[in-house]
Novice: 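Next up is a structure, given as structure tokens.
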Amino acid sequence: MSAAEVNRVRARQRELGIPESFEWVAETAPTLKAAVEQAGLSVRAHPLMVLGRDVPTPDVSKVADGVELRTVGPDDPVLPSALAVPHLAFADPGTGVGVAGVRELAEAVRGSAGDGTVERSAARIRAGLTCVAAAVADGRALCAGQHQPVGKVSEIVGVGTLPTARRRGLGLAVTAALVSDARSRGVETLFLSAGDDDVARIYARLGFRFVATALIAEPAE
């Protein structure tokens, strides 16, 4: 694909009102990175990891004191915070304790009220297209993530911990809960893209192994 072809796709994305974004595996399309960069997009690399079928399902009974680990139903009052908390996490990337806490989470929940996000996610949960898991304390999600099953395959996405609640093993626990749920649905292949190498090491503790590099291209901010 050339830079001109990338720009034609971007134009079509704008016409459709969808994000100007490309995602691919570096090892299977080694020339695409140069084309999208020439087209003016910024490219980020993420470890692509897979959980082998032979890896035991992780124990989900252990979680930090005062925290409940659970899958979130479509009518669960925790759902709005479970959808909001990863955005706060990704705005402050890394594994160290950050600044954003419960006040910022409450503001994010209020800010998304009425925009249809919760309703769309609830509909996907009811349809079996999405599973949301969360580590919950005092009626709010301190960490949450999702997996998106399609037949025997599912991708774990959007696992994020409230920055002030990091270093408590919540991301690992939520990921373990997602793995457990996926396998209960008959999923055989689970994969994810880690934020960076430090995050990848956390997933490796559950048995995920590096298989390739996921590249994501978006307009530079």
Side-chain angles (χ1 to χ4, degrees), residues 1-51 82-96 98-100 104-105 107-108 111-112 115-118 120-121 124 129-132 143-150 153-163 166 171 174-175 178 189-204 208-221:
M1 179 178 283
S2 66
E5 290 172 317
V6 170
N7 281 327
R8 284 198 292 272
V9 174
R10 293 179 66 189
R12 181 58 176 159
Q13 288 172 326
R14 290 192 295 270
E15 290 175 4
L16 296 173
I18 60 177
E20 294 179 51
S21 178
F22 295 75
E23 185 171 348
W24 72 100
V25 176
E27 290 79 359
T28 60
T31 63
L32 184 55
K33 182 174 184 289
V36 298
E37 289 180 331
Q38 188 178 351
L41 297 176
S42 177
V43 180
R44 304 190 315 274
H46 300 276
L48 183 62
M49 308 182 77
V50 170
L51 187 69
L83 298 176
V85 71
H87 295 286
L88 294 175
F90 300 147
D92 184 7
T95 60
V99 174
E104 289 79 9
L105 179 58
E107 291 173 353
S112 63
D115 68 0
T117 299
V118 173
R120 287 191 294 271
S121 295
R124 288 184 58 86
L129 301 174
T130 294
C131 169
V132 178
C143 176
Q146 305 177 24
H147 78 86
Q148 320 279 10
V150 179
V153 179
S154 190
E155 180 180 11
I156 292 177
V157 299
V159 177
T161 302
L162 192 67
R166 288 174 177 158
V174 165
T175 305
L178 293 169
T189 301
L190 266 168
F191 71 98
L192 55 81
S193 297
D196 55 34
D197 290 338
D198 288 337
V199 176
R201 282 190 281 272
I202 294 174
Y203 292 129
F208 283 88
R209 58 184 176 84
F210 175 83
V211 292
T213 303
L215 296 181
I216 300 174
E218 296 172 320
E221 297 182 358

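Just so we're clear, the structure is a prediction, and the values are computed from it rather than from any experiment. Numbering of residues begins at 1 and proceeds along the displayed sequence.
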Novice: Please lay out, stage by stage, how Val153 and Phe191 fare under the test side chain to side chain contact (heavy atoms under 4.5 Å, CB included).
Specialist: CA-CA 8 Å; Val153 179; Phe191 71 98; 3.9 Å; yes
Novice: How many angstroms lie between atom CG of Leu192 and atom CG of Leu48, to the nearest 0.5 angstrom?
Specialist: 7.5 Å
Novice: How close do Thr213 and Glu27 get, heavy atom to heavy atom, and via which atoms?
Specialist: N-OE1, 3.0 Å
Novice: Can any side-chain N or O of Arg166 pair as donor or acceptor with the backbone N or O of Gly96 at less than 3.5 Å?
Specialist: yes
Novice: Let me know which of Leu83, Ile156, Val174 forms a side-chain contact (heavy atoms from CB on, under 4.5 Å) with Gln146.
Specialist: Leu83
Novice: Between Trp24 and Ala217, which heavy-atom pair has the shortest distance, and what is it?
Specialist: CZ3-CB, 3.8 Å
Novice: Given the rule in the side chain to side chain donor-acceptor pair (under 3.5 Å) test, do Ser154 and Gln148 qualify, once you have shown the distances and angles that lead to the verdict?
Specialist: CA-CA 5 Å; Ser154 190; Gln148 320 279 10; over 6 Å; no
Novice: Of all heavy-atom pairs between Cys143 and Thr161, which one has the smallest distance, and what is that distance?
Specialist: SG-OG1, 3.1 Å
Novice: Specify the closest pair of heavy atoms between Ala35 and Ser2, including all atoms of both residues, with the distance to one decimal.
Specialist: CB-C, 3.9 Å
Novice: Out of curiosity, Ser42 OG to Glu37 CD, how far, rounded to the nearest 0.5 Å?
Specialist: 8.0 Å
Novice: On a heavy-atom basis, which atom in Arg120 and which in Asp115 lie closest, and how many Å separate them?
Specialist: NH1-O, 3.6 Å
Novice: His46 and Gly195: which non-hydrogen atoms are nearest, and at how many Å?
Specialist: ND1-O, 3.1 Å
